There are 2 protein chains.
Amino acid sequence: MNNIVMNNVRVAVDNCIFAVRDGRLEVLLIQMKKEPFDFAWALPGGLIEAGETLDGAAARILEQQTGVRDVYLEQLYTFDDRSRDPDGRVISVAYVSLIPWEGRDLKTTDKYRAVQFWDCDRVPSKLAYDHREILDYARNRLAAKIQYTNCVWSLLPERFTLSELQNAYETVLNRNLDKRNFRKKVLSLHLVKPCGEKSSGGRHRPAMLYSFESREPELVEVF
Amino acid sequence: MNNIVMNNVRVAVDNCIFAVRDGRLEVLLIQMKKEPFDFAWALPGGLIEAGETLDGAAARILEQQTGVRDVYLEQLYTFDDRSRDPDGRVISVAYVSLIPWEGRDLKTTDKYRAVQFWDCDRVPSKLAYDHREILDYARNRLAAKIQYTNCVWSLLPERFTLSELQNAYETVLNRNLDKRNFRKKVLSLHLVKPCGEKSSGGRHRPAMLYSFESREPELVEVF
DNA sequence: TATAGTTAGTGTGTAAAGAACACTAACTGC
DNA sequence: GCAGTTAGTGTTCTTTACACACTAACTATA
């Protein structure tokens, strides 16, 4: 009977940082510089530090890589990572972050070979560790969550048009929505409010700008 | 700058084991026998053992306490436990298990003072560690999950009446459902199938017995 | 300055789903 | 055979979801 209690598990936090850009869902990956995954792409992450909470570690990773703070950040799932180095066990607590495409500021460090956003549909087929599994899980969770919470706020800037909002939903859900039904829905839910100004700059009719009623997590039956 | 990497985190698995009994949602608690929580009630759990996966640890705890296997078992959330002993850090990966009230077989060991099911609405107001928080989180997750998956199968025996099924939903959701609408719904979803036999023994009209189409996790929009 | 190009903004009708509601049927125990 | 108890069944109404097409307002350029 196996009763050896594990006292030396290492705990990593990995963060799926998503943004919407030009109708594509993108995720931040870093290219590794160390064996056994040299050159492989991976989710940003790392072992938790002393005195740090799990949420704190996820927020730290997010800010270190993108400079972004105070966005939607949610624990996703805890993975048993069987592909990590065999000298001691690692479990990975995965997080999802949603950031507006504008406002990010990618940091390059010599810790990694590269840091960049990837179209989720075009990430390298093999990622380091079990990060492919984590990413797939995260996309599914995000698509579910955007339908019953207001988390979409975290993908958009302070002020936005209803078309931009619709585009964020369409991108995450990977399907088209009817413009009139969409507007009826979000307005009737009081998810957003007009802020009286209009967009400018496009070679077309200017659009009313909106902002979110709340930028705190709330349950809202959007679809 | 704090860059001390934690290498010696201890990882515990705690399991919220639910059953439905006489219209009440019950949860299994153990009464502790060691300081600093001597006499306090807690969720069954413990540190993961060598070579064991997280899911494996949860299944082990479930079977050790109840003798039950092969039921619905789902990872809930990973908690940073700040109330644990200060000599080294513990994080707790919480699980939810659903078991049929019939078929359990509680084990008493001298590891604990007592092991028993508690009506969820009447558990002691203070549980050990952060287990009160975990339990509240688990109840909410269960109430959500029973509405869009078929997980209710795990609360019922192999064969059951539609009234028993309805009762399981009403108990978890903590609200009454209309009998005719309920039956229309579950039958149209093909969640269950009649198995041709009738219940007996009650001092009333016997009911048709049903069984689940599937006892594997599936997404089903029940409500 | 007229026009082509582009996105913004708006309402109605139809189909599907959800919610409310009450009686008869079939068994048991006395 | 009667009282007690749970099983089983349809219809109507309300609400929500879905499909669908044109005009408005701006910019750039010819």
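Keep in mind the model is a prediction, meaning the values are calculated, not measured. A, B, ... follow the sequence lines: proteins, then strands. Residue 1 opens every chain.
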Donor-acceptor contact below 3.5 Å, side chain Asp80(B) vs main chain Thr53(A): no
ring-ring contact (aromatic ring centres under 6.0 Å, His included) against Tyr169(B), all qualifying residues, sequence neighbours excluded: Phe182(B), Phe223(B)
Toward the 5' end of DNA chain D, by each residue's nearest nucleotide, Pro206(A) or Arg180(B): Arg180(B)
Side-chain ion pair, Arg132(A) and Asp130(A), N-O less than 4.0 Å: no
Residue list, salt bridge (Lys or Arg N to Asp or Glu O under 4.0 Å) with Asp121(A), at least two apart or on another chain: Arg139(A)
Salt bridge present between Glu52(B) and Arg60(B) (N-O < 4.0 angstrom): yes
No-hydrogen, no-angle side-chain donor-acceptor test under 3.5 Å, Thr161(A) and Ser199(A): no
Spatial distance of atom OG (Ser97(A)) from atom CD (Gln65(A)) [nearest 0.5 Å]: 11.0 Å
Boundaries of the chain B footprint along DNA chain C (any atom under 4.0 Å from a heavy atom): dG18(C) to dG29(C)
Heavy-atom donor-acceptor pair, Gln75(B) side chain to Ala94(B) backbone, under 3.5 Å: no
DNA chain D contacts among residues 182-195 of chain B, heavy-atom distance under 4.0 Å: Arg183(B), Lys184(B)
Derivation of the ring pair (Phe, Tyr, Trp, His ring centres under 6.0 Å) call for Tyr77(A) and Tyr77(B): CA-CA 7 Å; Tyr77(A) 196 81; Tyr77(B) 196 81; over 10 Å; no
Heavy-atom neighbours of Lys111(B) NZ exceed 12 at 6.0 Å: no
Side-chain donor-acceptor contact under 3.5 Å, Tyr129(B) with Asp14(B): no
Short N/O separations, protein against nucleotides 3-5 of chain D, under 3.5 angstrom:
residue	atom	partner	partner atom	Å
dG4(D)	N2	Arg203(B)	O	2.7

Within residues 161-179 of chain B: residues closer than 4.0 Å to DNA chain D (heavy atoms): Ser163(B), Lys179(B)
Flag, side chain of Arg104(B) to backbone of Val68(B), donor-acceptor distance under 3.5 Å: no
